[in-house]
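Read through the structure below, which is laid out as structure tokens, and then see the notes.
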Amino acid sequence: WGRGPGPSPRGYPALPNRGYLDSRSVKAERRKRLEETTRYEHAEVERRLFAEWVEGGYFHPPAEGTPEENYSVAIPPPNVTGALHMGHALNGAMQDALVRMNRMRGRNTLWILGTDHAGIATQAVVEKELRAEGTSRQEIGREAFTERVWAWKEKYGSRIVEQYKRLGASCDYERERFTLDEGYVRAVYRVFKQLYDKGYIYRDNYMVNWDPGSHSAISDLEVENREVEDTLYSIDYPVEGGDRVLTVATVRPETMLADTAVAVNPDDGRYADLVGGHCVLPLVGRRLPIIADEHVDPEFGTGALKVTPGHDVNDFEIGRSHGLEEIGVIGPDGRMTEEAGERFAGMSAAEAQEAVVAALREEGRLRAEEPYVHTVPYSHRSGERIEPLISLQWFCRMDELAKPAIDVVERDEVRIIPSQWRRVYLDWMREIRPWCISRQLWWGHRIPVWYCGACEETYVAEEAPARCGACDGELRQEEDVLDTWFSSAIWPFATLGWPDDTPELRAFYPTSFLTTAREILFLWVARMIMTGLEFPGDVPFRDVYVHSVIQARDGRRMSKSLGTGIDPLEEIDKHGADALRFGLLAMSSTQDVRFSDAKLQQGADLANKLWNASRLILLNANSGQDQPGTNARQGQVPAGVDEGTGAPQDQVPAAVAGGIANPEPVEIEDRWILSRLESTIASVTEKLETYDFAHAAQQAYSFFWSELCDWYLEIVKPRLYDGDPDASATLLRVLERVLALLHPVLPFVTEEVWSYHPARQGHLAVHPFPLAEEALIDSEAEAEVRAGIELTRRLRAWRDLVEAPAATVLPARVEGAEPREFVGRLARFSFEQDGGEPVAAVGPVKVLATPEIDAGAVGERLEARREELRSEVARAEGKLGNRRFVERAPAEVVEEEREKLARYRAELEELAE
RNA sequence: GGGCGCGUAGCUCAGUGGGAGAGCGCUCCCCUCACACGGGAGAGGUCGCUGGUUCGAGCCCAGCCGCGCCCACCA
């Protein structure tokens with residue numbers, strides 16, 4: 001991968017040559033530590049290594065090269081008020097895995113992080129503080145209030161960034177951004193101005209989702225629909241000029257005070273004669289035109305709809321298309337306005353509802369009340385019920401922006417993975433509606449619009465104009481701020497310095513990929529694609545990976561308010577960051593999954609096993625520079641251990657710049673493990689590159705645990721202890737590559753182990769990521785060792801079955817080729833016995849009689865196996881006896897079946913009584 | 001109302017049309033000089049139900065039952 005020789009391939013500074021590491025006592029100390037520490041201690045390791053990485057500058061790349069050759073990721077900016085939750089941790093683990101892998105591949109890698117000012121959330125936190133002090137934002141005024149929020153941010157705003165460090169996230173902490181920092185505000189204003197100039201941004205009196213909790217309008221996407229049980233009231237509206245009534249139904253009778261029409265379906269024969277006439281609004285006396293509109297469902301209730309354009313989204317549309325009057329009877333404070341009439345003005349909506357119902361009942365207009373379950377909008381921010389009302393707000397037309405953002409996804413220039421989300425995205429984008437971007441808050445980007453107090457002039461500018469150009473009058477700035485998501489929408493390029501043409505922007509935009517939760521696909525992802533194409537003129541990222549949601553252990557949503565949240569930091573304290581990262585990746589999926597303590601434990605166990613297996617290797621490996629036979633068992637200096645001087649060696653051959661060269665495998669087990677290793681590298685890499693984190697983690701785990709530890713280490717131990725240089729070389733090579741392969745998932749423990757590896761010349765964080773070497777794939781060795789393992793397993797199972805004492809070596813005789821040496825050793829059989837009566841056959845092994853074996857149990861075992869074989873033979877014979885199978889199934893499938901049958905028959909023969 | 005997805009071992013989940021898997025839990029054996037956060041060996045599954053396609057279905061198709069999520073202006 002194009003790395004030159006030498007210890008600091010990317011121009012990273014050489015390892016700090018700390019004086020203390022050179023002292024003889026520290027060398028001895030490190031060796032002792034490796035010898036004596038039988039449990040991996042994550043807490044101490046993690047803090048120390050993270051500091052070393054940062055000190056090495058590995059996370060802070062130079063702004064050089066092109067986006068195609070570089071690798072960059074923009075973190076989804078957490079709220080500045082936020083604390084790391086499991087979603088952040090999962091997202092962070094995924095991003096860091098890919099970021100670290102690509103950094104190790106030698107790419108100039110930037111992971112940019114920062115925080116979001118989070119308008120409503122942050123304002124709410126500081127307002128709460130003020131309340132506790134007995135004051136309020138209104139009392140102290142806008143300027144003092146925003147100063148307070150800034151002070152709060154300075155004090156507490158770095159919390160979540162610190163928490164990302166605990167996770168081991170290799171972000172560029174030197175390029176941290178905030179959506180309200182100076183340059184970012186400039187970017188936001190530039191975007192606003194340009195969209196305004198294009199006519200996309202406009203101001204209008206329009207129906208909005210009013211959130212009485214945050215006292216602001218919010219966008220459609222911040223509204224969640226909840227199912228509630230209300231009462232459906234049927235009310236009689238008398239028709240003018242006659243004694244007919246129109247009965248309308250509503251769950252919000254208080255809004256009738258703002259009714260300006262009654263509507264029926266144009267095809268509804270029952271009311272055809274009334275259309276064009278009027279009825280009289282009870283309690284108020286207003287004349288309401290009776291109109292025909294297709295929105296009305298004739299099947300619902302009586303088929304007559306009261307139309308309240310001022311307080312119902314649907315009615316608003318009807319009202320606009322019929323030119324109806326728009327009356328507001330509920331104010332932004334949730335109380336009835338003057339328009340509601342003396343009787344109700346000043347009441348809360350709920351009080352008004354009661355009063356209106358009482359009054360209607362009194363007048364005999366209330367025809368029915370029945371329970372009614374339906375969905376109603378609630379604020380995602382404050383949790384309060386949305387009050388739809390008409391208000392003067394800023395909007396952004398999205399249709400034109402959406403077009404190219406649809407194209408790039410259709411053309412797969414932005415890939416959305418898993419693919420079902422691609423369609424969800426496209427469906428939504430094709431029906432996108434204007435976005436209400438103004439918020440009645442104080443904390444945020446104050447809208448860059450100035451109004452003249454003297455004349456009607458309006459100015460939209462990136463910087464405040466001094467005075468009105470027309471009349472020289474005083475200007476005042478718009479009070480509202482922008483929706484927080486307006487600034488998030490430009491995150492991938494604003495963080496890199498846009499609108500300036502910065503080196504960062506040139507080197508790292510577009511970014512490489514984005515991982516996200518699906519809930520912000522529209523809120524954030526879609527908008528980034530739109531602004532990316534509109535402003536820097538390119539997609540913000542090539543891939544969008546939509547990850548699963550981790551649910552609480554019981555399957556409920558993890559949420560602070562439900563008390564179902566699991567704190568990732570507690571898990572890190574308990575099990576280590578590596579364990580959390582491994583666990584999250586291993587449990588992740590394309591579907592939602594429940595949080596699994598077992599997977600975290602598996603990660604913790606893996607870290608511990610990695611530490612211990614490495615101790616075995618490092619304390620016993622003979623690196624070839626010392627006399628054979630020098631090893632820990634003999635109390636000598638373990639040649640395999642790097643004492644951690646950190647001093648780069650003078651000349652490093654290019655071939656081993658990234659570590660050590662491939663050993664020449666001598667024994668079949670060496671060929672086997674190297675083959676298995678390279679297959680695993682290929683497979684794990686492929687899984688990581690396709691965002692299949694769970695399988696990547698599990699495959700790496702399974703190779704390391706089962707194949708390397710359970711088999712290879714056990715097989716090779718005698719050679720290792722004898723100081724066999726070939727075994728040592730193979731082990732050191734495998735260890736090096738396994739550490740590098742696992743580093744993106746388990747950065748800490750792998751880095752710590754690497755610090756003891758004799759081939760170490762720098763941190764593992766910037767060590768080359770292994771590239772699978774096809775030449776080492778060796779199917780012959782794999783088949784042979786697999787056969788040995790199979791035989792070992794069968795022999796062990798047999799011993800267990802006949803309850804042979806664990807320590808006893810059983811006598812046996814082998815006909816034909818002797819099994820590999822390890823078979824007898826690991827299964828505790830001795831194959832060199834001549835005499836004695838065979839009591840059983842396990843494959844080619846004839847077990848001889850010995851007092852420790854229970855003959856009855858042997859018989860049972862034989863019979864069970866025969867039964868198993870008979871059933872397999874019957875299955876295969878049945879299949880092969882089916883003419884259609886033989887004729888229509890692919891030839892190799894049929895052939896395979898024949899081979900199986902032959903094998904089973906042969907074994908059955910062997911076991912015949 | 002529309003869309004997407006999920007029902008596989010006691011639990012949490014993989015599973016690519018050709019002999020049902022992992023981790024945890026459970027049972028038995030082993031404190032063997034890397035690791036008891038360990039090693040070895042096991043038990044445990046009419047793959048939600050019904051039909052279809054196919055030589056062959058956990059996997060493809062249809063219907064049904066149960067559960068979840070997203071979108072949506074039927075008061």
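Source: prediction; values computed, not measured. Throughout, a chain's letter reflects where its sequence line sits, starting with A, and its residues are numbered from 1.
Side-chain N/O atoms of A/His374 and A/Asp230 include a donor and acceptor closer than 3.5 Å. Between the side chains of A/His380 and A/Glu222, no donor N or O sits under 3.5 Å from an acceptor N or O. In summary, the side chains of A/Tyr206 and A/Arg320 do not present any donor paired with an acceptor at a separation below 3.5 Å, with no hydrogens or angles considered. Side-chain contact check for A/Thr308 and A/Asp259: at least one donor-acceptor pair (N or O, by modelled atom type) lies under 3.5 Å.
Residue A/Asp236 contributes atom CG, which lies 20 Å from atom P of B/A75 at whole-angstrom precision. In this structure, A/Tyr40 places its OH atom 20 Å from C1' of B/A36, rounding to the nearest Å. Taking atom CD of residue A/Gln699 and atom P of nucleotide B/G21, one finds them 17 Å apart after rounding to whole Å. A/Leu713 has its CG atom 11 Å from the P atom of B/G39, to the nearest Å. In this structure, A/Leu600 places its CG atom 17 Å from C1' of B/A22, rounding to the nearest Å.
Checking B/C4, B/A75, B/G18 against the side-chain heavy atoms of A/Val251 singles out B/A75 as nearest. Checked against B/G23, B/A72, B/C35, the side chain of A/Arg615 finds its nearest nucleotide in B/C35. Relative to the side chain of A/Ser589, the nucleotides B/A14, B/C74, B/A41 differ in distance, and B/A14 lies closest. The listed nucleotides are B/A75, B/G18, B/A41; the one nearest the side chain of A/Arg796 is B/A41. In the set B/A72, B/U12, B/C13, the nucleotide with an atom closest to the side chain of A/Thr375 is B/A72. Nearest nucleotide to the side chain of A/Asp710, out of B/C37, B/G39, B/A41: B/G39. Closest to the A/Ser596 side chain, of the nucleotides B/U12, B/G15, B/A41, is B/U12. Here B/C37 is the nucleotide among B/G40, B/C37, B/G42 with the atom lying nearest to any side-chain atom of A/Asn608.
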Protein heavy-atom contacts under 4.0 Å, written 5' to 3' over nucleotides 24-32 of chain B as B (base), S (sugar-phosphate only) or - (none), form the string S-----S-B

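When both pairing distances are held under 3.5 Å, B/G1 makes a Watson-Crick or G-U pair with B/C71. Using the Watson-Crick or G-U wobble rule with both distances under 3.5 Å, B/A41 pairs with B/U27.
Between A/Lys599 and A/Glu571 there is no salt bridge, since no side-chain nitrogen of the basic residue lies less than 4.0 Å from a carboxylate oxygen of the acidic one. In summary, A/Lys32 and A/Glu35 do not engage in a salt bridge, as defined by a charged side-chain N under 4.0 Å from a carboxylate O.
For the pair A/Trp705 and B/G39, the criterion of a side-chain N or O lying under 4.0 Å from OP1 or OP2 is met. Side-chain N/O atoms of A/Arg423 include one lying less than 4.0 angstrom from OP1 or OP2 on B/C4. Contact annotation: A/Gln551 side-chain N/O to B/C69 OP1/OP2 distance is not under 4.0 Å. OP1 or OP2 of B/A75 sits under 4.0 Å from a side-chain N or O of A/Tyr372. The phosphate of B/G39 (OP1 or OP2) has a side-chain N or O of A/Lys609 nearer than 4.0 angstrom.
Each of A/Trp421, A/Trp428, A/Trp435 was evaluated against A/Phe522; a single residue qualifies, A/Trp428, per the ring-ring contact (aromatic ring centres under 6.0 Å, His included) test. With respect to A/Thr255, the side-chain hydrogen bond (donor to acceptor under 3.5 Å, both in side chains) criterion is satisfied by exactly one of A/His311, A/Lys306, A/Gln353, A/Glu387: A/Lys306.
Residues A/Lys687 and A/Gln420 both approach RNA chain B. Their nearest nucleotides, taken by heavy-atom distance, put A/Gln420 toward the 5′ side. Judged by closest nucleotide on RNA chain B, A/Thr38 is the one of A/Thr38 and A/Asp312 placed further toward the 5' end.
Within 4.0 Å of A/Val307, counting heavy atoms only, lies no atom of the nucleic acid at all.
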